[in-house]
Amino acid sequence: MIRISVARRIVQIICFVLLVYGGYIFKDWKESAETSQQKIFPTLKAPEGSVSTTQFEKGSILWPSGATPVIENYPPSLVCRFNPKGGMFKACIMHFLSENLTWQTSFKYLLPYITLFIALCFLLGRVWCGWVCPIGTVGDFLTYLRRKMNIPVRRFPERFRLNLSITGYSLMVIALAISTVIGMPNYARFQCYWFLPYCQICPARLICPMFGLIKPNWKDFSTGITTCFTILAWIVLGLFVAAFYFGRRVWCHMCVVGLINSWFNKGSGIELHKKAIKCIKCGYCADACPMGLTAMYQLNRDAIYNQAGCIMCMRCVEVCPRKGCLNVSFFGKKIGNMQRRTLDAKKVSEPVRRNVA
Amino acid sequence: MLKAGIDMGSVMVKCVIVNGETIIAKSAARNGPMPEIIADTVLQQALKNAEIDFSLIEKIVCTGYGRYIFTKAHATVTEISAAAKASFLLSGKQRCLVIDIGGQDTKIIEVDHNGEVVDFLMNDKCAAGTGRFLEMMAGVLGTDLHGFGTLSLKAERPVTINATCSVFAESEVISLLAHNEKKDNIAAGLLNAIAGRISTMLNHFQSQIPVFFCGGPAEIPGLKQAIEKISGRNIRIFDNPGFVVAYGAALCVFPQIEPI
Amino acid sequence: MQKKFLSQYEEMLLKNLKCSSSDSDNIPDHVLVEYMKKSNLSSMEGFYQEILDFERNGIDNSEKPVGFFCNIVPEEIMLACSLRPVRLCCEDYGCGSKGEEIVPGDICPVIKSICGKFYSNTYDNLEVVVIPGTCDPKAKLAEILSPVKQVYFLDIGRNSEYLGNVDVWEKKYTQFFQFLKETFHCNAGRRQLLSACKLTNARTEIFRSIYQLRAEQPDSINVFDYYIMMYAGFFMKVEKWNALAGKVYRQAKQIHKFVDKPRVLLAGTPVIFPNFKIIDVMEESGLKMAADLQCISFGRFYNPVLIDEETEAGILRALTLKDIAGSMCPCMLNLEKLVNLMIDTVNQYKLDGIIYYNLRLCQVFELQTALIRQILKEKGIPFLSIKTDLGKEDTGQLKTRMEAFREMIESRKV
């Protein structure tokens with residue numbers, strides 16, 4: 001049995017490779033799929049007359065190389081479209097929503113994607129964030145670097161984290177509002193520069209292509225709007241690096257995709273249980289939580305603990321020194337003993353026997 | 001089945017001979033420097049009272065502080081279990097609390113409706129609140145335990161005794177006597193002090209359980225009333241309270257008690 | 001740097017103290033031999049030998065011994081500075097009466113014994129004494145001892161809530177680490193701390209195995225051997241203790257002894273050699289101590305250091321969580337988790353009852369007794385609270401209680 005944090009690292013690396021370089025790995029399959037037109041889901045096509053990627057000029061901020069994604073299937077979370085050559089799948093949910101609000105695609109076509117997204121969310125909750133997200137993996141690597149350099153972590157107060165999620169929600173509302181407005185016929189002329197406003201400042205737009213062997217579009221000073229977007233993207237990237245370097249996963253409180261995923265955290269298949277009687281309130285769980293959540297620690301009764309902020313990294317379960325205090329279950333079925341094995345007594349299996357004279 | 005129960009307390013050695021569950025003879029003597037011989041004498045006295053031969057006794061169960069001294073005993077049991085056993089039978093097989101004041105300790109035992117001990121409290125190492133304490137104080141007042149109780153009943157204005165330590169209580173009593181305080185007031189004050197301690201212990205238990213009182217000092221007139229007054233509970237005294245534990249010992253033939 | 005307490009009056013005090021110290025004639029050799037005879041494990045001999053050596057010769061000065069009290073003082077930090085932590089807690093009647101020359105008679109018996117022991121030559125080689133601000137007597141002890149030894153007072157917040165105090169504790173531990181580094185001119189850092197934690201985690205692992213084994217079969221390692229091991233852990237080097245304890249565990253595992261005597265949980269004040277009165281009486285009354293929740297054994301060894309952030313600050317923080325936040329010391333606000341732990345241990349190992357041991361005049365333990373009693377009675381777990389001191393005169397009374405408790409448990413089971 002491997003330690004859960006090691007398992008998580010392995011899954012993260014595999015997912016990173018698949019999501020960023022998958023296109024190169026599965027090149028043949030990709031091409032055959034393209035030619036045969038066989039797709040698992042119906043492809044969404046931009047309606048006639050709307051902005052399509054081909055309309056953008058070569059140097060435009062949005063498209064690094066002008067290529068279109070190859071297999072238009074959605075996982076449908078956390079895959080950045082701006083890594084077109086490498087990416088196996090189409091895009092993340094924010095990209096998907098922004099695009100379709102602008103295009104005003106018929107709901108009939110959206111349904112399969114939304115269903116898949118919600119189904120996956122119900123299945124796994126925010127496991128995406130902790131185990132799959134490629135930029136989360138990059139961030140975790142930054143955290144690893146900091147630890148190696150012996151720099152203490154910055155811990156942020158509860159209030160600050162709350163403000164971060166408010167910021168995230170505001171960003172989401174603004175971005176989706178812009179996408180809706182430019183979808184209206186009267187404002188279609190803005191589409192050229194305002195298209196996918198969230199993606200334009202998202203750090204993944206710069207990070208994913210960087211790792212995906214494509215030069216990301218670092219700067220576009222052609223118009224005022226693109227200049228603004230370029231500078232904003234730089235600032236956000238700087239904040240991203242700083243947040244992950246100094247404060248573990250603080251960034252994820254603000255990430256809009258994470259926020260959408262977090263709606264499904266309560267009631268998802270993966271559940272964290274706490275047995276209050278076992279708890280000795282040592283605070284290891286609260287201390288180890290990369291999101292800085294303390295509810296698990298504070299809880300004083302047996303309960304299922306799926307907080308919105310939780311990214312299901314299971315670090316708390318791993319560091320809990322009391323056997324059986326924190327447990328993970330998948331649809332009510334308990335997933336083995338996730339604690340550090342070395343700290344269990346060697347012969348635990350034997351039940352207490354008593355001989356009666 | 002004839003059984004004998006011997007309660008080797010620190011002050012008195014008591015013996016009860018039972019036939020089934022009925023007492024057929026009892027005897028008691030003051031404990032002294034040779035406890036085993038005293039116990040033997042008491043047992044012989046009880047046998048004489050019952051007019052039976054020693055060989056007819058099937059089981060002798062010993063209890064009390066000296067329970068390991070008496071080598072003729074077949075088994076030993078603690079006075080707590082013995083008191084609980086006896087009280088359960090004597091109280092008509094109901095859930096009850098038993099106050100047992102002994103020579104050097106005071107216990108409160110909670111017995112459930114199966115006759116099992118659920119919980120018990122014992123006073124600490126200190127002698128305050130025990131029979132010995134009362135005896136000492138009676139000695140200071142120049143009387144015996146019974147006379148001490150009768151004195152207290154005549155009290156008009158009981159004094160407040162602050163000291164709970166027996167040594168300090170003695171000096172407090174002496175200084176009160178020096179201040180011409182009436183003996184009966186002092187006696188009542190001392191009883192109140194003890195009753196206060198017992199009530200404190202009683203209040204660790206639920207209030208609706210009936211309370212019974214056993215042990216030699218239960219016979220002191222006025223002590224029961226004092227406890228009732230302070231704790232606000234009704235207390236009943238068993239007949240022959242001094243022999244209750246010995247009676248319980250005689251009944252206690254648990255299979256799990258190890259033979260000596 | 002920690003400044004010396006009472007620096008103005010130091011010489012004056014030292015003069016008085018030196019006069020009062022009498023020769024050490026309280027080597028409990030014969031007591032030790034008695035317990036040695038009761039042991040059924042040949043591998044225990046090493047521990048007995050260690051204790052004999054220690055009681056006869058005191059601590060050798062080979063490795064810069066540093067004295068400390070309580071679990072609150074992090075051993076790992078001392079180990080990282082390549083010092084030898086020596087736990088000084090002591091419950092010795094002989095030392096206690098000697099200690100009364102310095103401190104009043106009716107105070108904490110542990111403080112009395114320590115004072116008595118300090119003015120014998122057992123602790124002569126100690127370089128520094130670390131005293132935590134857990135309970136009130138400990139704080140005064142820092143001042144009492146300051147004329148004879150260099151004392152470091154490790155003050156901590158007593159609210160064991162992680163959220164309220166963890167930053168304070170981390171700061172205190174960092175200061176303590178800094179102090180040791182400066183005093184002993186060593187250059188310890190992250191790597192040293194990590195290897196020290198590894199060492200203590202290995203100890204935790206062995207202890208957990210032993211604890212588990214005893215909980216299931218209390219006679220595999222008898223209770224005296226168990227506490228002798230804990231006492232030897234006070235001054236032995238961790239590696240040596242680990243090796244010896246591992247040997248004992250492997251030997252004890254072979255012995256399958258099932259007892260039909262009631263198995264109980266012993267909680268409350270620690271049982272420290274030579275004050276084995278309570279466990280003596282327990283054994284005589286036919287009660288088996290199967291598990292315990294005392295600070296010298298469970299509290300000290302059971303919880304591992306789990307490091308999340310492998311930075312220096314992160315390790316120090318993890319240590320505070322192990323030593324302070326997870327502590328069961330009654331000095332802190334942790335009654336709820338203590339009761340939970342008691343109930344959980346009883347349920348987990350199917351124990352028959354709880355004996356709560358109060359050493360007289362330790363107020364914090366005494367104060368919480370009534371509350372614990374109330375809760376456990378509601379839960380239907382047999383509970384016996386014992387209050388006694390270092391003297392032997394109340395053995396008979398204790399025995400009556402313990403036997404009555406055993407009879408109570410047995411009549412329940414039938």
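We use all heavy atoms of the structure for the numbers below, so side chains are in, but hydrogens, waters and symmetry mates are not. A note on names: the letters A, B, ... follow the listed sequences, proteins ahead of strands, and every chain is numbered from 1.
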Expected output: side-chain A:Tyr284 to main-chain C:Ala318 donor-acceptor under 3.5 Å: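 Yes, A:Tyr284 side chain to C:Ala318 backbone: donor-acceptor pair under 3.5 Å.
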Can you tell me if C:Asn340 uses its side chain to pair, donor with acceptor, with the backbone of A:Cys279 under 3.5 Å?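 Judged by distance alone, no pair lies under 3.5 Å.
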Surrounding [atom1] of [X] (heavy atoms of other residues, nucleotides or ligands, distance under 6.0 Å), is the total greater than 12?
X: A:Tyr144; atom1: OH; value: no
X: C:Lys181; atom1: NZ; value: yes
X: C:Lys377; atom1: NZ; value: yes
X: A:Tyr245; atom1: OH; value: yes

Tell me, side chain or backbone of [X] under 4.5 Å from chain A's heavy atoms, or both, or neither?
X: C:Tyr302; answer: side chain
X: C:Glu161; answer: both
X: C:Ser160; answer: backbone

Flag the pair [X] and [Y] as a salt bridge only when some basic side-chain nitrogen lies within less than 4.0 angstrom of an acidic carboxylate oxygen.
X: A:Lys323; Y: C:Asp344; result: no
X: A:Arg146; Y: C:Glu310; result: no
X: A:Arg248; Y: C:Glu309; result: yes

Atom of [X], atom of [Y] and distance for their closest heavy-atom approach:
X: C:Ala313; Y: A:Pro152; result: CB-CB, 3.7 Å
X: A:Thr294; Y: C:Leu163; result: CG2-CD2, 3.4 Å
X: C:Asn303; Y: A:Pro321; result: OD1-CB, 4.3 Å
X: C:Asp308; Y: A:Arg315; result: OD1-NE, 2.6 Å
X: C:Lys337; Y: A:Ile280; result: CD-O, 2.9 Å

Do the non-hydrogen side-chain atoms of [X] and [Y] ever get within less than 4.5 Å of each other?
X: A:Glu318; Y: C:Leu306; value: no
X: A:Asp287; Y: C:Arg317; value: yes
X: C:Leu341; Y: A:Lys278; value: no

Between atom CD1 of A:Ile151 and atom CD of C:Glu312, what is the distance when rounded to the nearest 0.5 Å?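 So the gap between those two atoms works out to 12.5 Å.
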Going through the distances and angles, do C:Glu336 and A:Asn300 end up as a side chain to side chain contact (heavy atoms under 4.5 Å, CB included)? CA-CA 10 Å; C:Glu336 189 185 1; A:Asn300 273 337; 4.2 Å; yes
